[in-house]
Amino acid sequence: MTPPGPDDPAPASEAMSEESAAPAPLSHAERLWRIRHSCAHVMAQAVQEIFPEAKLAIGPPISDGFYYDFDLPRPLTPDDLEEIEERMKRVVKGNHEFRTWEVPREEALTYFRERGQDYKIELIEDLGEESVRFYQQDTFVDLCAGPHVRRTGELKAFKLLKVAGAYWRGDSDRPMLQRIYGTAWKNKTDLAAHLEQLEEAKKRDHRKLGRELDLFSFHPESPGAPFWHPRGWQVYRELRRLWSELHDEAGYVEICNPLIYNKSLFEKSGHWEHYNEDMFKLESEGETFCLKPMNCPDTMLYYKTRRHSYRELPLRVSEGQHLHRNELSGALNGLFRVRQFAQDDAHIFVTEEQIESEISNVIKLIDRLYGLFGLSYRVFLSTRPEKFMGDPALWDRAEADLASAIEANGLEHRVKEGDGAFYGPKIDFEVTDSLGRKWQCATIQLDFQLPLRFELTYTDRDNQPRTPIVIHRALFGSFERFIGILIEHVAGAFPTWLAPVQLMLLPINDACAPACHEAAASLRTAGVRVEVDDRSEKLGYKIRESELRKVPWMAVVGHKELESGLFSVRSWQHGDQGSMSLDALTTMLSERIRERAFDVELQTIAWSEDEDEDVLETAPSY
RNA sequence: GCCCACGUAGCUCAGCGGUAGAGCACUUCCUUGGUAAGGAAGAGGUCACGGGUUCAAGUCCCGUCGUGGGCUCCA
């Protein structure tokens with residue numbers, strides 16, 4: 001059959017509406033998926049009305065919304081978005097039916113050839129099916145597997161958000177298209193909640209807070225490398241201290257290796273072949289050196305400095321040196337994507353039998369760590385990919401060990417089939433922050449290959465050399481990125497133990513300042529980070545300043561306090577806390593600090609995340 | 001790297017061909033004040049950098065650097 005033109009809807013006998021096709025009740029996720037997918041089509045119609053010569057690429061639903069890629073004669077402006085949105089609303093008002101029908105491959109190709117829709121042609125050719133499916137609403141026809149909502153009138157709540165460049169099929173050698181992103185929900189309430197969440201995210205952007213709270217800065221002289229200011233570095237130091245304590249307790253040893261290596265090291269590890277482009281390189285005396293992009297190869301060198309017995313394993317070696325990766329300039333993003341950073345890295349050398357228990361140990365460490373920050377997380381197990389190295393039987397056993405280590409810790413996990421690295425399976429931890437955003441932080445990766453490449457051995461019970469297995473693992477991921485996540489998670493208001501300044505003493509007038517300095521000295525001895533705001537300003541002014549700096553605790557000291565010996569304590573979150581002796585105040589603070597109490601009330605925003613998180617998994621695969 | 005946008009005082013921004021502006025922050029002085037901004041004065045900018053157009057360029061054009069949004073969540 002010939003696909004119907006805009007004024008020639010498909011014959012009723014051949015056209016099928018979703019109404020008759022899908023009698024089963026839809027899950028919430030499925031409905032959202034359809035709404036978003038349908039919005040993409042309506043948007044494409046609007047764009048095509050404005051630019052009849054527009055070439056359409058793809059327009060799928062994504063989490064929170066949808067996008068569509070277009071090849072257009074000129075760049076889009078924000079005004080264009082408004083017009084497109086207006087036109088979309090008109091289509092919605094028309095309450096047009098979504099119709100669908102099968103089209104034989106050749107006819108579909110002819111249809112799109114006549115219209116110069118090169119990308120659609122390529123899609124059909126790549127599909128390699130005998131027939132494809134068309135969808136139509138109002139005047140707009142598109143190649144699409146569907147399904148969609150029944151009528152455009154069901155698209156009640158959407159908003160176009162931004163225009164971005166996107167390569168056709170994500171390939172930098174192919175044309176750059178213009179992508180319009182939109183968000184769509186089942187009703188206006190959900191849409192408003194989502195927009196509010198976006199607003200809130202903007203407010204607590206770590207780059208903005210980093211400047212406002214004087215934590216760090218970036219400079220063109222070293223793009224992608226954070227300059228840590230005293231307050232930000234204090235947070236960094238505190239996290240490092242925590243990290244060292246946890247690892248000392250857990251039986252790790254820490255080493256400190258060089259930053260610069262002859263490229264031969266990376267030839268041996270295989271990075272030179274695969275990672276070359278991402279490394280910073282230096283020349284010296286005719287030799288090529290690289291700033292190390294990861295700690296594994298040089299940790300292997302450490303292992304090889306002497307012979308090892310099976311009695312030493314598991315050998316847990318941590319290293320937190322700075323790493324450099326020459327990330328694409330356009331990929332840099334605050335603390336989230338930097339060129340210089342430190343991973344809280346460790347490599348554990350184990351025997352095959354030790355995998356399960358050692359993985360379990362790492363999981364416990366991660367669980368303990370995240371608990372300190374009020375972060376919940378999910379666990380993913382990635383299994384053997386199609387292209388892999390090593391013994392399949394070893395893979396199978398290792399995967400089973402990883403799964404049972406997860407279960408032994410009472411955790412649930414999802415399997416990402418075939419998503420492991422070629423050198424071994426892995427477990428990823430994805431934390432959810434207070435705004436419901438997900439971040440992949442901790443990772444545990446088994447490596448069967450690196451020990452072989454470096455010819456690592458240990459001497460087993462029977463006096464025979466055996467090859468150990470290496471476990472790569474990081475808990476925070478990188479300190480830089482984790483601090484960025486943390487800043488946004490707590491909106492800049494750190495728990496007491498992490499706060500750059502934990503207590504601000506506020507003398508009511510100049511006469512009370514000396515007493516404050518005395519108290520400050522005593523508090524510092526007790527390990528409290530305290531400052532005295534002894535400027536000749538009014539109390540209200542100083543309080544405001546400390547509030548804006550998100551200092552968790554303040555103590556007002558005036559004549560009253562000096563006479564009674566009781567300080568007026570105020571907390572950042574809850575205001576006036578009544579009076580307290582210096583001793584009691586010191587005890588209260590040092591307890592919180594010692595326990596690393598998460599004394600932060602997270603301000604969360606309602607979002608429908610749990611309802612749509614399975615959208616992609618339950619959706620048809622094409 | 002690529003597409004688009006942006007770059008004016010430390011920060012947030014106004015100015016968009018005709019002699020650089022505001023608020024906050026900063027400095028000095030007055031004020032010694034009790035739970036989120038006391039008052040006055042002052043200092044501070046080659047308008048990112050480099051070219052070009054023009055009698056005249058933060059303002060228009062080109063390039064460079066940086067920043068921001070993105071660049072498979074694949075019909």
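The structure presented is a predicted model; accordingly, all values stated were derived computationally and were not measured. Proteins come first, then strands; the chains are lettered A, B, ... in the order of their sequence lines, and each starts at number 1.
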Span that lies between the [atom1] atom of [M] and that of [N], in whole angstrom:
N	M	atom1	result
B:G34	B:G38	C1'	14 Å
B:U32	B:A14	P	41 Å
B:G44	B:G39	P	24 Å
B:G21	B:U46	P	14 Å
B:U67	B:U8	P	14 Å
B:C11	B:C74	P	41 Å
B:A41	B:G58	C1'	29 Å
B:A22	B:A36	P	30 Å

Using whole Å, report how far [atom1] of [X] lies from [atom2] of [N].
X	N	atom1	atom2	value
A:Arg339	B:U67	CZ	C1'	13 Å
A:Leu72	B:C4	CG	P	12 Å
A:Arg169	B:C71	CZ	P	17 Å
A:Asp69	B:C73	CG	P	12 Å
A:Asp173	B:U72	CG	C1'	15 Å
A:Leu332	B:G68	CG	P	8 Å
A:Arg337	B:G68	CZ	P	13 Å
A:Arg174	B:C74	CZ	C1'	13 Å

Are OP1 or OP2 of [N] and a side-chain N or O of [X] less than 4.0 angstrom apart?
X	N	value
A:Lys162	B:G69	no
A:Ser329	B:G1	yes
A:Arg207	B:G69	yes
A:Asn326	B:G1	no

- request: Return the 5'-most residue of the pair A:Pro60, A:Pro223 with respect to RNA chain B, ranking by each residue's nearest nucleotide.
  value: A:Pro223
task: Map A:Tyr167 and A:Ile124 onto RNA chain B by nearest heavy atom, then report which one ends up closer to the 5' terminus.
output: A:Tyr167
Nucleotide forming a Watson-Crick or wobble pair with [N], both distances under 3.5 Å:
N	result
B:U35	none
B:U19	none
B:A14	none
B:C74	none
B:C6	B:G66
B:U54	none
B:G45	none

Donor-acceptor pair between [X] and [Y] side chains, under 3.5 angstrom:
X	Y	value
A:Glu561	A:Ser579	no
A:Asp510	A:Ser536	yes
A:Gln137	A:His96	no

- prompt: Between A:Phe134 and A:Tyr111, is the ring centre distance below 6.0 Å?
  reply: yes
message: Can you confirm if the aromatic rings of A:Tyr68 and A:Phe70 lie within a centre distance of less than 6.0 Å?
response: yes
Where the side chain of [X] meets the backbone of [Y], is there a donor-acceptor pair that is under 3.5 Å apart?
X	Y	answer
A:Glu53	A:Pro73	no
A:Gln577	A:Gly575	yes
A:Arg204	A:Glu488	yes
A:Asp138	A:Phe140	no
A:Glu154	A:Arg151	yes

Checking all strands, does [X] fall into the base, sugar-phosphate, or nothing category for heavy-atom contacts under 4.0 angstrom?
X	answer
A:Ala57	nothing
A:Gly334	sugar-phosphate
A:Asn333	sugar-phosphate
A:Ala166	sugar-phosphate

query: Which ones in residues 176-184 of chain A lie close to RNA chain B, meaning a heavy atom under 4.0 Å from one of its atoms?
result: A:Met176, A:Arg179, A:Tyr181
message: Taking salt bridge (charged side-chain N to carboxylate O under 4.0 Å, His left out) as the definition, give me every residue that meets it alongside A:Arg535, ordered by chain and number, with sequence neighbours left out.
response: A:Asp533, A:Glu545
task: Specify the glycosidic conformation (syn or anti) of B:G58, with syn defined as within 90° of 0.
output: syn
- line: Heavy-atom contacts, protein to nucleotides 22-38 of chain B, under 4.0 Å, summarised as B (base), S (sugar-phosphate only) or - (none) per nt, yield ---SS----BBBBBBBB
task: Could you run through nucleotides 8-16 of chain B and give me one letter per nucleotide, 5' to 3': B if any protein heavy atom sits under 4.0 Å from the base, S if only the sugar-phosphate is that close, - if neither?
output: ---SS----
field: Lys NZ or Arg CZ of A:Arg378 over A:Phe380 ring: under 6.0 Å, within 45°
entry: no
task: Using the salt bridge (Lys or Arg N to Asp or Glu O under 4.0 Å) rule, pick out the option among A:Lys203, A:Lys202, A:Lys208, A:Arg207 that qualifies with A:Asp205.
output: A:Arg207
query: Please, which pairs that meet salt bridge (charged side-chain N to carboxylate O under 4.0 Å, His left out) have at least one residue in residues 65-78 of chain A, sequence neighbours excluded?
result: A:Asp69-A:Arg179, A:Arg74-A:Asp80
- request: Just grab all the ring pair (Phe, Tyr, Trp, His ring centres under 6.0 Å) pairs involving residues 551-570 of chain A, residues at least two apart or on different chains.
  value: none
